[in-house]
> 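Below you will find the structure I want to go over with you.
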Amino acid sequence: MKLLVRHQTIYRYEAAAGRVAMRLKLMPVDTPTQKVLDWQVSVNGDPLTGFRRNSYGEMEAIWVRHDRLDNAVIVAEGLVETCEGHGVVGWLGCPVNPRYFLRETRLTGASPEIRAMALSLPDEDGPLARLHALSAAVSDAVAYRAGVTTTNTTAAEAFALGAGVCQDHAQVFIAGARSMGIPARYVSGYLLADEGDVLHETHGWAEALVPELGWVGFDPSNRVCVTERYLRLACGLDADEAAPIRGSVTVTGDIWIDADVRIAQAEDGVEERQLQRQQQQGAQTTTQG
């Protein structure tokens with residue numbers, strides 16, 4: 001499957017910002033289940049070329065402006081070919097020891113309740129079956145409900161609330177997997193929604209390490225392992241570390257953020273025409289906004 005993506009994020013500042021610094025993880029890399037055919041990232045219309053591999057083997061860049069700035073428009077767009085791995089991402093060449101992903105963070109700390117849920121799952125059929133059971137248990141315990149959590153909500157808080165969104169599902173899963181001694185990490189990226197569904201934002205899921213298979217992707221929000229409809233951007237210990245955009249700004253007044261993701265399946269032989277059409281639609285969205 002070939003996926004066309006246009007991801008635009010606009011930051012508007014009430015008063016002109018004096019300094020803006022952003023860490024951008026918006027450049028996907030080739031994996032056993034995806035191949036990047038064409039991809040560009042720009043900020044305020046200028047191509048961003050300073051991407052370097054980080055300690056996870058993924059690409060990131062730092063963008064800094066020291067002069068006064070009214071807004072910042074970040075656009076990532078391109079074409080990626082994905083293949084069906086039935087959830088198995090495999091070994092991604094990450095130089096970090098997998099045991100590093102047993103490390104607990106503020107967002108992924110396991111409460112006694114999460115730990116009890118995870119440790120109560122049967123383990124006689126091996127780690128993969130146990131992780132499938134964990135994903136189902138998280139889906140059952142945390143109903144999908146938008147607007148009840150924020151980016152600062154911890155796994156323990158979402159589990160106690162019994163509701164949340166994809167970030168919460170993934171972080172509860174990660175907390176549970178680590179409680180079982182299984183390395184797990186947060187993944188940010190894009191999902192081509194089923195026909196009739198509307199998804200204009202990035203998506204988050206989890207990866208857990210299965211010794212005989214490598215990393216396996218689990219999406220408790222949709223009760224599935226990742227498929228060819230998923231496009232992987234970056235990973236981290238939690239949602240904050242894996243976020244496509246993180247930054248700091250020196251500004252007086254409010255900041256408004258408007259993000260929009262457009263993703264479509266490309267047809268063989270017409271990728272360039274579809275990409276151009278998608279870019280034009282994105283430009284119209286920017287003008288209207």
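Just so you know, these numbers use all the heavy atoms, side chains as well, and skip hydrogens, waters and symmetry mates. Owing to the predicted nature of the structure, the values given are computational and were not obtained by experimental measurement.
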> To check you understand the geometry: which heavy-atom pair defines the closest contact between Ala158 and Thr153, and what is its length?
N-CG2, 3.9 Å
> Return the set of residues passing side-chain contact (heavy atoms from CB on, under 4.5 Å) with His132 (not counting sequence neighbours), or none when no residue passes.
Leu128, Phe218, Cys225
> What are the two closest heavy atoms between Ala259 and Thr9, and how far apart are they?
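Residues Ala259 and Thr9, closest heavy atoms: CB-OG1, 4.1 Å.
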> Write out all pairs satisfying salt bridge (charged side-chain N to carboxylate O under 4.0 Å, His left out) with one or both partners inside residues 212-226, taking only residues at least two apart or from two chains.
Asp140-Arg223
> Please check: side-chain N/O of Ser188 versus main-chain N/O of Ala242, any donor-acceptor pairing under 3.5 Å?
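Indeed, once roles are kept as given, a pair shorter than 3.5 Å links the two residues.
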> Hey, is the main chain of Ala163 close enough, under 3.5 Å, to the side chain of Arg145 for a donor-acceptor pair?
no
> Kindly give the heavy-atom pair with the smallest separation between Pro28 and Val80, and that separation in Å.
CG-CG2, 4.4 Å
> List in chain and number order the residues that pass side-chain contact (heavy atoms from CB on, under 4.5 Å) with Ser42, two or more places apart in sequence or in another chain; answer none if no residue qualifies.
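Once residues adjacent in sequence are excluded, the partners of Ser42 under the side-chain contact (heavy atoms from CB on, under 4.5 Å) criterion are Val75.
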> About how many Å separate CZ of Arg262 and NE2 of His7, when rounded to the nearest 0.5 Å?
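Rounded to the nearest 0.5 Å, the NE2-CZ separation comes out at 12.0 Å.
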> State, with a plain yes or no, whether a side-chain heavy atom of Tyr144 is found less than 4.5 Å away from one of Asn222.
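Side-chain contact under 4.5 Å: no.
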> Identify the two heavy atoms, one from Gly109 and one from Ala155, that lie closest to each other, and give their separation to 0.1 Å.
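What the structure gives for the nearest pair is O-CB, 4.3 Å.
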> For the residue pair Val41 and Met27, establish whether any side-chain heavy-atom pair is separated by less than 4.5 Å.
yes
> Start with the C-alpha gap between Asp70 and Arg12, add the side-chain angles, then the distance that decides, and say whether salt bridge (Lys or Arg N to Asp or Glu O under 4.0 Å) holds.
CA-CA 6 Å; Asp70 295 318; Arg12 293 186 176 91; over 6 Å; no
> Got Val36 and Val29 here, is their nearest side-chain heavy-atom distance under 4.5 Å?
no
> Do you reckon Leu131 sits in the same ILVMFWY cluster as Trp215, going by side-chain contacts under 4.5 Å, direct or chained?
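Result: no, two separate clusters.
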> What residues form a side-chain contact (heavy atoms from CB on, under 4.5 Å) with Arg52, not counting sequence neighbours?
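Scan of Arg52 (side-chain contact (heavy atoms from CB on, under 4.5 Å), adjacent residues dropped) gives none.
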> Is there a donor-acceptor pair under 3.5 Å between the side chain of Arg19 and the backbone N or O of Val64?
no
> Do any side-chain atoms of residues 86-96 form donor-acceptor pairs under 3.5 angstrom with protein atoms, and if so which ones, sequence neighbours left out?
none

> Roughly how far apart are Phe159 CZ and Ser111 OG, rounded to 0.5 Å?
6.5 Å
> Sub-3.5 Å donor-acceptor pair from the side chain of Asp38 to the main-chain atoms of Leu79, do we have one?
no
> Could you walk me through whether Tyr230 and Trp205 pass the ring-ring contact (aromatic ring centres under 6.0 Å, His included) test, one step at a time?
CA-CA 10 Å; Tyr230 289 72; Trp205 60 94; 5.0 Å; yes
> Quick check: closest heavy atoms across Pro211 and Pro127, and the distance to 0.1 Å?
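Where Pro211 meets Pro127 most closely, the heavy atoms are CD-CG, 4.2 Å.
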> Considering only heavy atoms from C-beta outward, does the side chain of Ile245 approach that of Arg23 to under 4.5 Å?
no
> Supply the atom-to-atom distance Arg229 CZ to Leu192 CG, rounded to the nearest 0.5 angstrom.
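Atom-to-atom, Arg229:CZ and Leu192:CG are 4.0 Å apart.
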> Name all pairs fulfilling the ring-ring contact (aromatic ring centres under 6.0 Å, His included) condition that reach into residues 104-128, sequence neighbours left out, sorted by first residue then second.
none
> side-chain contact (heavy atoms from CB on, under 4.5 Å), that's the test. Do Gln8 and Val73 meet it? Break it down for me.
CA-CA 7 Å; Gln8 176 179 275; Val73 181; 4.3 Å; yes
> By side-chain contact (heavy atoms from CB on, under 4.5 Å), which residues pair with Asp123, not counting sequence neighbours?
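Arg130.
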> Run the salt bridge (charged side-chain N to carboxylate O under 4.0 Å, His left out) test against Arg106 and tell me which residues pass, sequence neighbours left out.
none
> In chain order, what residues pass the side chain to side chain donor-acceptor pair (under 3.5 Å) check against Thr33, with sequence neighbours excluded?
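By the side chain to side chain donor-acceptor pair (under 3.5 Å) rule, Thr33 matches Thr31.
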> Does any pair with a residue in residues 87-96 pass salt bridge (charged side-chain N to carboxylate O under 4.0 Å, His left out), and if so which ones, sequence neighbours excluded?
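Matches after skipping sequence neighbours: none remain.
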> For the hydrophobic clusters of this structure (ILVMFWY residues joined by side-chain heavy atoms under 4.5 Å, transitively), does one cluster hold both Ile62 and Met59?
no
> What about Ile263 and Ile74, same hydrophobic cluster or not, with Ile/Leu/Val/Met/Phe/Trp/Tyr joined at side-chain heavy-atom distances under 4.5 Å?
yes
> Does the ring center of Tyr190 lie less than 6.0 Å from the ring center of His203?
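That pair fails the under 6.0 Å test.
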> Find out whether Leu24 and Arg246 are in side-chain contact, i.e. whether some heavy atom of one side chain is under 4.5 Å from a heavy atom of the other.
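No, every pair of side-chain atoms sits at 4.5 Å or beyond.
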> Under the side chain to side chain donor-acceptor pair (under 3.5 Å) rule, what pairs show up with a residue in residues 53-65, not counting sequence neighbours?
Asn54-Glu60, Tyr56-Glu241, Glu58-Arg232, Arg65-Asp67
> Please report the interatomic distance NZ(Lys2) to NZ(Lys35), rounded to the nearest 0.5 Å.
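One finds 9.5 Å between NZ of Lys2 and NZ of Lys35.
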> Going from CG on Leu231 to OG1 on Thr202, what distance comes out if it is rounded to the nearest 0.5 angstrom?
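Result: 12.0 Å between the selected atoms.
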> Does Val226 share a hydrophobic cluster with Val216, counting links as ILVMFWY side-chain heavy atoms below 4.5 Å and allowing steps through other members?
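Shared cluster, no.
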> Does some side-chain heavy atom of Val5 sit less than 4.5 Å from a side-chain heavy atom of Trp39?
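Yes. Closest side-chain heavy atoms under 4.5 Å.
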> Output the distance between atom CG (Asp46) and atom CG (Asn44), rounded to the nearest 0.5 Å.
7.0 Å
> Establish whether Leu3 and Leu233 are linked, either directly or via other cluster members, by ILVMFWY side-chain heavy-atom contacts under 4.5 Å.
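Leu3 and Leu233: one cluster.
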> To check you understand the geometry: which heavy-atom pair defines the closest contact between Ala137 and Leu121, and what is its length?
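Closest pair (atom of Ala137, atom of Leu121, distance): CB-CD2, 4.4 Å.
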> What donor-acceptor contacts under 3.5 angstrom involve side-chain atoms of residues 167-186, with partners at least two apart or in another chain?
{"unit_1": "Gln167", "atom_1": "NE2", "unit_2": "Thr151", "atom_2": "O", "d": "3.1"}
{"unit_1": "Asp168", "atom_1": "OD2", "unit_2": "Thr149", "atom_2": "OG1", "d": "2.7"}
{"unit_1": "Asp168", "atom_1": "OD2", "unit_2": "Val165", "atom_2": "N", "d": "2.8"}
{"unit_1": "His169", "atom_1": "ND1", "unit_2": "Val165", "atom_2": "O", "d": "3.3"}
{"unit_1": "His169", "atom_1": "ND1", "unit_2": "Ser221", "atom_2": "OG", "d": "2.6"}
{"unit_1": "His169", "atom_1": "NE2", "unit_2": "Val142", "atom_2": "O", "d": "2.6"}
{"unit_1": "Gln171", "atom_1": "OE1", "unit_2": "Ala239", "atom_2": "N", "d": "2.9"}
{"unit_1": "Arg178", "atom_1": "NE", "unit_2": "Phe101", "atom_2": "O", "d": "2.8"}
{"unit_1": "Arg178", "atom_1": "NE", "unit_2": "Ala184", "atom_2": "O", "d": "3.2"}
{"unit_1": "Arg178", "atom_1": "NH1", "unit_2": "Arg103", "atom_2": "O", "d": "2.8"}
{"unit_1": "Arg178", "atom_1": "NH1", "unit_2": "Thr108", "atom_2": "OG1", "d": "2.9"}
{"unit_1": "Arg178", "atom_1": "NH2", "unit_2": "Ala184", "atom_2": "O", "d": "2.8"}
{"unit_1": "Arg178", "atom_1": "NH2", "unit_2": "Leu237", "atom_2": "O", "d": "3.0"}
{"unit_1": "Ser179", "atom_1": "OG", "unit_2": "Ala175", "atom_2": "O", "d": "2.8"}
{"unit_1": "Arg185", "atom_1": "NE", "unit_2": "Glu207", "atom_2": "OE1", "d": "2.9"}
{"unit_1": "Arg185", "atom_1": "NH2", "unit_2": "Glu207", "atom_2": "OE1", "d": "3.1"}

